[in-house]
Number of protein chains: 2
Amino acid sequence: MATINDIAKYAGISIATVSRALNKPELVNAETRERVMYAARKLNYFKNETLKILNVKSNKLSIGVIFPYITAYYFSELYSGISKAAKLHDIDLVLYELRSENMSKEGLEDALSFARRHLVDGIMLAGYVPSVYDEIFESLDIPVVLLLGTHESAKMSAYKVDDIRAAFDAISFLVSRGHRNIGMISLPLTDPANDIVSRFMGYKQGLDFYKLPFSEEMVAYGKLGFDDGYSAMKQLLAAREKTGITAVFTAADEVAIGAMRCIQDAGLRVPQDISVIGFGNLSIANISSPKLTTVAQPFEDIGAEGVKYMTKLLTEPGSVVERGNFYLPYKIIERESVAAIMNRSFSYCDGKV
Amino acid sequence: MATINDIAKYAGISIATVSRALNKPELVNAETRERVMYAARKLNYFKNETLKILNVKSNKLSIGVIFPYITAYYFSELYSGISKAAKLHDIDLVLYELRSENMSKEGLEDALSFARRHLVDGIMLAGYVPSVYDEIFESLDIPVVLLLGTHESAKMSAYKVDDIRAAFDAISFLVSRGHRNIGMISLPLTDPANDIVSRFMGYKQGLDFYKLPFSEEMVAYGKLGFDDGYSAMKQLLAAREKTGITAVFTAADEVAIGAMRCIQDAGLRVPQDISVIGFGNLSIANISSPKLTTVAQPFEDIGAEGVKYMTKLLTEPGSVVERGNFYLPYKIIERESVAAIMNRSFSYCDGKV
DNA sequence: CTGAAAGCGCTTACAG
DNA sequence: CTGAAAGCGCTTACAG
């Protein structure tokens, strides 16, 4: 690879002048500049940006993006938002996949070590933050921004949707469509700090608020895949005589799609017999049959806001930047998986709400 | 960030010894080594790997991975294969998103410039390679490996499935299930060098080989999304009286899922009325209704083989490495979207093949 | 407007 | 076993 030394030799001038011609052309005689540019092109010169740590003044910023589950459907949506914003701000993105089976202290350390190798100026972490990470983040000397997850540490800001309120509103939506017996497929409640578990809280609050019936059998627990949704729905169907559910809220879109298939395989129809509402609005929500009504998280905005915040943090170190959890607006996208049931035996009006 | 200078001061020894203790511990007195290690831990030292270009002997390899369409469903599957293999070989991966609207010369140059900034030792490029790239690749001084795409240049190796044969076999599969009137949804044929267009070639060869009827109206063209599949299928359905198609082969899974929805919306059933076979075996093939029968590309293996080859190229520069297109085995995954039609008016036996 | 030189973090041949 | 010093590619204050 050609260096400025090669250019200097080729053009018959010093490396100092070459450097100036390349970076501060106004400081260099026009003719000299031409010679340098010609030589650079000729020799296929690329500036070695990695020296920025040695010459502190260089200023191409880069952000390390740490993602668990790159295979998850939401990855590409979020990354796309981050990527667009990064291009806008002329920031490099360096991606690291933190496989979920490796979300230990060591896993994070590997990720951070990778990030340092690639000279990142800040870290963006997507998803849930287990408490084993706390100590590491505490001693980190570069800023961290969370996407889709929260953390009580005062050091980190987070961009996400308010999961509890969004889940609550999913229930409100079902209620407005006449549903009163509403089931849910949730992540197990073992870790209440997990934001996806908050969706159960929202569900429960919704039921309480609207004074809707609740029993243990109205909720099934499982992971967030298609098959998990399928088997969870099987449980809910088995208890249907008792619970009388006409609608199901799921913690994630893929779960919802698995649940819909289960309902169909049982000889029932979505939404005529059972309505399903998901959470996420991943692109799969738009290709399922029926298309999925779901709570839309603004992935692109979340990514973009995170980058914007990080950029500010990095480029205006003096400015007072607020820290905290920033909630972005969600909305419910109505497609085909929720029906209105005004004339059922247990209709909305019966409930005297 | 702590440097070896800080460690040297802290431990009261020279930076040379610190460097040795860190990299070649066997050259250093045990007690000194302990002191260095303690100081390093204490000061939260991370080696600045980026200096490898200055001190050529450092050896953490990294590969630049250039992907068009990160939002495409296949991205995560391929990347996951690459990523696993990279971890195995202890190689860093540096991802760059080459947005499809930017697949010009400049787009590639930005990507390569990014890759150089991050000191990659080789480039892995996924997908179709437009001919405007040729010149750039010609003058590139680091190895390039292609995934899913081909290139006639002797400089580049490629890992992929043989699209023509795979498409041919999709037709064979449909024939074995009794279909004789087979339609296709293809990418427009404008660029015959595009590997996805090759799938049309395979389709056509299959029809010829089995002496099946063909007419222009049996093929619809469009892009590779759900909606594209939907509208293409609409065309095929409109001509169904004439063509009598009982099965459709599509150039990609998402297209197939759109097509299935179109068929269902027309009041027909998949696969009882029309069978659909896709291409790719993306994860969405497993969550559609009905689940999609499709030609499986071994994404993980393709990624892994690419990394393996690159590693060999990089670590054993002496070894004679074959260049060329390496075809990996595909297979047909039978799910629910193709039916056998033995007793139809135009059955397999009628054909006297 | 241009050049010589120091310095960024680290490695390693060369002395000792 | 350890240290002083050169050198990797580049930038920039300092001279001229």
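Note on naming: letters A, B, ... go to the chains in the order of the sequence lines (proteins, then strands), and numbering restarts at 1 for each one.
The distance between atom CD1 of I7(A) and atom P of dC10(D), rounded to the nearest whole Å, is 8 Å. Across the protein-nucleic acid pair, I4(A) atom CD1 and dG9(D) atom C1' stand 6 Å apart, rounded to whole Å. One interatomic measurement links the two molecules: NZ of K9(B) to P of dG3(D), which rounds to 15 Å at whole-angstrom precision. Going from atom CG of N29(B) over to atom P of dG3(D) covers 11 Å, rounded to whole Å. Atoms CD1 (I13(A)) and C1' (dC1(C)) sit 11 Å apart, rounded to a whole Å. Residue L22(A) contributes atom CG, which lies 14 Å from atom P of dT2(C) at whole-angstrom precision. In this structure, CZ of R20(B) is placed 8 Å from C1' of dT12(C), rounded to the nearest angstrom. The distance between atom CG of N5(B) and atom C1' of dG3(D), rounded to the nearest whole Å, is 14 Å.
Considering only side-chain N and O atoms, S19(B) lies nowhere under 4.0 angstrom from the phosphate OP1 or OP2 of dC10(C). A close approach under 4.0 Å does occur between a side-chain nitrogen or oxygen of K24(A) and OP1 or OP2 of dT12(D). The side chain of T32(A) contributes an N or O atom lying less than 4.0 Å from OP1 or OP2 of dT2(C).
Comparing the C1' positions of dT12(C) and dG16(C) gives an interatomic distance of 16 Å, to the nearest angstrom.
Nearest to the side chain of S14(A), among dG3(C), dC10(D), dT11(C), sits dG3(C). Which of dC10(C), dG3(C), dC10(D) sits closest to the side chain of Y45(B) comes down to dC10(C). In the set dT2(D), dT2(C), dA5(C), dA5(C) carries the atom at the smallest distance from any side-chain atom of A16(A).
Note on K87(B) versus E97(A): no salt bridge recorded, every NZ/NE/NH1/NH2 to OD/OE distance being 4.0 Å or above.
In terms of heavy-atom proximity, L147(A) sits nearest to G303(A) at CD1-CA, 4.3 Å. Of all non-hydrogen atoms in F67(A) and A126(A), the two that sit nearest each other are CE2-CB, 3.6 Å.
At a threshold of 4.5 Å between non-hydrogen side-chain atoms, the residues F114(B) and I66(B) do not count as touching. Taking the side chain as every heavy atom from C-beta outward, Y327(A) and K160(A) approach each other to under 4.5 Å.
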Checklist line | Base-pairing string, 5' to 3', of DNA chain C - Watson-Crick or wobble, under 3.5 Å, | interstrand | finding: |||.||||||||.|||
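Among the atoms of the strands shown, base atoms are found under 4.0 Å from some heavy atom of I15(A).
Y38(B) and Y10(B) have tilted rings, their planes meeting at an angle from 30° to 60° on a 0 to 90° scale. Taking the six-membered ring where the residue is Trp, F299(A) and Y74(A) present parallel rings, their angle staying beneath 30° rather than reaching 60°.
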